[in-house]
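Everything below concerns the one structure shown next.
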Amino acid sequence: MDSKNSNHGEDEKIEEAQVPLLPHSGSSKYEDYDDENDQNFKRRLWVESKKLWQIVGPAIFSRIISYSMNVITQAFAGHLGDTELAAISIVNNVITGFDFGLLLGMASALETLCGQAFGAKKYHMLGIYMQRSWIVLFVCCVVLLPVYIFASPILKLLGQPTNVAELSGTVALWMIPMHFSFAFQFPLQRFLQSQLKNSVIAWIALLALIVHGFISWLFVYGFKLGVIGTAVTLNFSWWVLVLGLFCYTVCGGCPQTWPGFSMEAFSGLWEFLKLSASSGVMLCLENWYYRILLLMTGNLANAEIALDALSVCMTINAWEMMIPLGFFAATGVRVSNELGAGNGKGAKFATMVSVMTSTIIGLFFCTIIMILHNEIGLIFSSSQDVLTEVNHLSVLLAITILLNSIQPVLSGVAVGSGWQSRVAFVNIACYYLVGVPLGLVMQLVFHQGVMGIWAGMIFGGTALQTLILAIMTLRCDWDKEAERACKHVKEWETLA
């Protein structure tokens with residue numbers, strides 16, 4: 001009996017030391033979710049908001065920095081020439097973008113497993129899960145390697161000019177090291193994120209950005225390596241991220257959750273692969289969706305103006321999207337932590353606060369776009385034709401931003417709850433069986449141009465998916481989800 005009390009005391013000390021904002025002993029004061037007292041609700045709302053923003057703030061910061069590294073690389077390539085800019089852009093957006101979305105999605109399986117294990121105080125399992133993810137993602141990188149090796153003929157088949165395709169193929173070969181960095185960086189990020197160590201990720205990302213800026217100048221202008229130099233800098237910077245996160249993890253930053261390298265990581269790989277695959281399909285289908293919009297727009301009669309205007313809107317949307325993606329990460333962590341701890345009502349409350357906060361922010365940016373619809377294009381272009389088209393598209397941009405403030409949060413709930421397989425089918429149906437065909441009908445039958453394509457894909461795909469995810473969340477029995485999460489934690493622990 002004494003040993004049990006001693007172990008319980010040690011668990012409390014571990015938790016208080018690691019996550020000061022997420023001790024179960026502290027959160028229990030706010031678990032009377034049936035109490036309708038306004039003061040008690042405000043207090044719970046304040047506590048939950050602090051927990052949420054502890055994850056959201058660094059998550060947004062690190063995502064903006066990662067996105068900025070690609071922007072810096074494209075800026076250096078743009079000063080080398082139009083062909084160089086086209087090559088680095090195509091490799092970043094098509095070749096790397098293809099496997100980036102898949103591997104990022106596969107790594108999100110750790111948000112479910114590590115988050116729930118951490119909430120259940122099964123700390124040693126987090127390191128085992130991460131090592132399993134390294135193995136699965138590394139094998140996936142090997143399988144995807146031909147995409148990089150044969151990038152040039154693939155791009156030629158997609159209709160790219162020969163000179164651009166040839167240079168892109170050369171650049172793609174030099175980016176293979178960055179391709180393999182994804183297999184280690186993404187699991188490391190989710191491993192630390194599930195423990196609320198997001199500030200570590202943010203600081204290391206800032207270091208990588210500083211290194212990236214200096215190395216870009218050195219390789220491109222100092223060593224005169226040209227466009228190959230821009231590819232090498234991306235490799236270098238992404239591996240700085242990997243080594244920084246890895247050194248922090250294994251050199252004492254996670255003493256309770258990193259048990260060291262273990263052969264246990266090779267057990268249960270098939271079950272882990274199935275969850276990773278469904279997570280990958282769920283997120284990569286979303287990541288590829290708007291790339292299809294760009295390809296469809298390229299087939300319009302006045303494709304150049306339409307593509308320029310759409311690119312302006314997509315760039316604005318991508319920058320703003322860093323905020324809801326931060327909420328996606330935070331919601332997955334909060335929901336999985338609470339479910340792993342057996343606190344279904346806590347997971348429900350965390351969902352409510354996250355959706356509410358992200359929606360308010362989305363409404364703010366939606367309003368800004370509507371007010372400045374005539375001016376937003378001036379940041380990127382001085383062409384009157386492009387500015388006029390951007391003005392026409394601003395309503396759809398505002399709607400997209402608003403929907404994207406809700407949909408990623410609901411996807412975060414799905415990841416935290418382990419619903420990836422169900423949501424993967426929802427995404428296939430909404431995006432590719434409804435959204436894309438509706439966009440084609442709006443363009444080919446009703447001749448609505450880029451507005452018709454985008455509107456069809458928004459209302460047929462994104463809006464429908466958001467509605468279905470909202471219904472799934474509202475109908476969720478959170479107490480049963482908590483029981484299921486606790487059961488899964490035990491099952492996964494036996495596989496080790």
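Excluded from the calculations below are hydrogen atoms, water molecules and symmetry mates; all remaining heavy atoms, backbone and side chain alike, are included. Counting begins at 1 with the first residue of the sequence. Just so you know, these numbers come straight off a predicted model, no measurement behind them.
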key: Criterion side-chain contact (heavy atoms from CB on, under 4.5 Å) on K51 and N337, from CA distance to verdict   = CA-CA 11 Å; K51 296 174 183 178; N337 282 170; over 6 Å; no
Check against side-chain contact (heavy atoms from CB on, under 4.5 Å), E48 and R334 = CA-CA 9 Å; E48 181 58 43; R334 289 294 302 123; 2.9 Å; yes
request  = Please confirm whether the backbone N or O of S354 pairs with a side-chain atom of T357, one donor and one acceptor, at under 3.5 Å?
outcome  = no
request  = Could you give me the CA-CA distance, side-chain angles and deciding distance for M69 and T73, then say whether side-chain contact (heavy atoms from CB on, under 4.5 Å) is met?
outcome  = CA-CA 6 Å; M69 287 198 294; T73 298; 5.5 Å; no
ask   = How far apart are the closest heavy atoms of N198 and Q54, and which atoms are they?
value = CB-O, 4.2 Å
task = Could you pull out the closest heavy-atom pair between T359 and I406, with the gap in Å?
result = OG1-CG1, 3.5 Å
Heavy atoms of other groups near Y432 OH, more than 12 under 6.0 Å = yes
query = To the nearest 0.5 Å, what is the distance between CD1 (I60) and CD1 (I323)?
reply = 5.5 Å
ask   = Mind checking whether Y431 and V436 have side chains closer than 4.5 Å, heavy atoms only?
value = no
inquiry  = Any non-hydrogen side-chain atom of L403 less than 4.5 Å from a side-chain atom of Q407?
reply    = no
request  = Report yes if some heavy atom in the side chain of S108 is under 4.5 Å from a heavy atom in the side chain of L104; otherwise report no.
outcome  = no
query = Is the shortest heavy-atom distance from the side chain of M472 to the side chain of I468 under 4.5 Å?
reply = yes
inquiry  = With a 3.5 Å distance limit and no angle check, can you tell me whether T400 reaches the backbone of L396 through a side-chain donor-acceptor pair?
reply    = yes
task = Check whether any side-chain heavy atom of V164 sits under 4.5 Å from a side-chain heavy atom of L155, and report yes or no.
result = no
ask   = Would you say W478 has more than 12 foreign heavy atoms packed within less than 6.0 Å of its CH2?
value = yes
inquiry  = More than 12 heavy atoms of other residues, nucleotides or ligands under 6.0 Å from CH2 of W203: yes or no?
reply    = no
key: Sub-6.0 Å ring centroid separation between F76 and W217   = no
query = In Å, rounded to the nearest 0.5 Å, how long is the span from CG of L188 to CG of L110?
reply = 9.5 Å
key: Sub-4.5 Å side-chain heavy-atom contact between I376 and L397   = yes
ask   = Looking at E481 and K348, does any basic side-chain N land under 4.0 Å from a carboxylate oxygen?
value = no
ask   = Just by distance, do the side chain of S62 and the backbone of A59 share a donor-acceptor pair under 3.5 Å?
value = yes
message = Evaluate F327 against W53 for ring-ring contact (aromatic ring centres under 6.0 Å, His included), listing each step before the verdict.
response = CA-CA 9 Å; F327 278 93; W53 279 102; 5.4 Å; yes
query = Can Q116 and T112 be counted as having a side-chain donor-acceptor contact under 3.5 angstrom?
reply = no
query = Minimum heavy-atom separation for G229 to V220, with atom names?
reply = C-CG2, 4.3 Å
message = Ignoring hydrogens, what is the shortest heavy-atom contact between C430 and L464? Give both atom names and the distance.
response = SG-CG, 3.7 Å
query = Got H179 and T96 here, is their nearest side-chain heavy-atom distance under 4.5 Å?
reply = no
message = As an exercise, state the distance from CG of L387 to NE2 of H392, rounded to the nearest 0.5 Å.
response = 11.5 Å
message = Can you tell me how the ring of F186 sits relative to the ring of F182, calling it parallel under 30°, perpendicular over 60° and tilted otherwise?
response = parallel
message = Go through it in stages, so that I can follow the logic: the residues are S181 and L241, the test is side-chain contact (heavy atoms from CB on, under 4.5 Å), and I'd like the CA-CA distance, side-chain angles, deciding distance and then a yes or no.
response = CA-CA 9 Å; S181 76; L241 281 170; over 6 Å; no
key: Flag side-chain contact, heavy atom, 4.5 Å: M457 against L438   = no
query = What distance separates S194 OG from E111 CD, expressed to the nearest 0.5 Å?
reply = 9.0 Å
query = Can any side-chain N or O of N404 pair as donor or acceptor with the backbone N or O of P324 at less than 3.5 Å?
reply = no
query = Can you check whether S417's main-chain N or O pairs, donor with acceptor, with R484's side chain at less than 3.5 Å?
reply = yes
query = If every non-hydrogen atom of F328 is compared with every non-hydrogen atom of P408, which pair is closest and at what distance?
reply = CD1-O, 3.2 Å
ask   = Quick one: CG on L372 to OG1 on T367, what's the gap to the nearest 0.5 Å?
value = 10.5 Å
key: Check: S237 side chain, L234 main-chain N or O, donor-acceptor pair, under 3.5 Å   = no
Check: F118 ring centre within less than 6.0 Å of F191 ring centre = no
query = Rounded to the nearest 0.5 Å, how far does CE of M322 lie from OG of S68?
reply = 9.0 Å
message = Go through it in stages, so that I can follow the logic: the residues are N427 and Q465, the test is side chain to side chain donor-acceptor pair (under 3.5 Å), and I'd like the CA-CA distance, side-chain angles, deciding distance and then a yes or no.
response = CA-CA 7 Å; N427 288 355; Q465 182 218 24; 2.6 Å; yes
message = If I compare all heavy atoms of G416 with all of L339, which pair ends up nearest, and what's the gap?
response = O-CD1, 4.0 Å
task = Could you check whether the rings of F41 and F349 sit parallel, tilted or perpendicular, using 30° and 60° as the cut-offs?
result = perpendicular
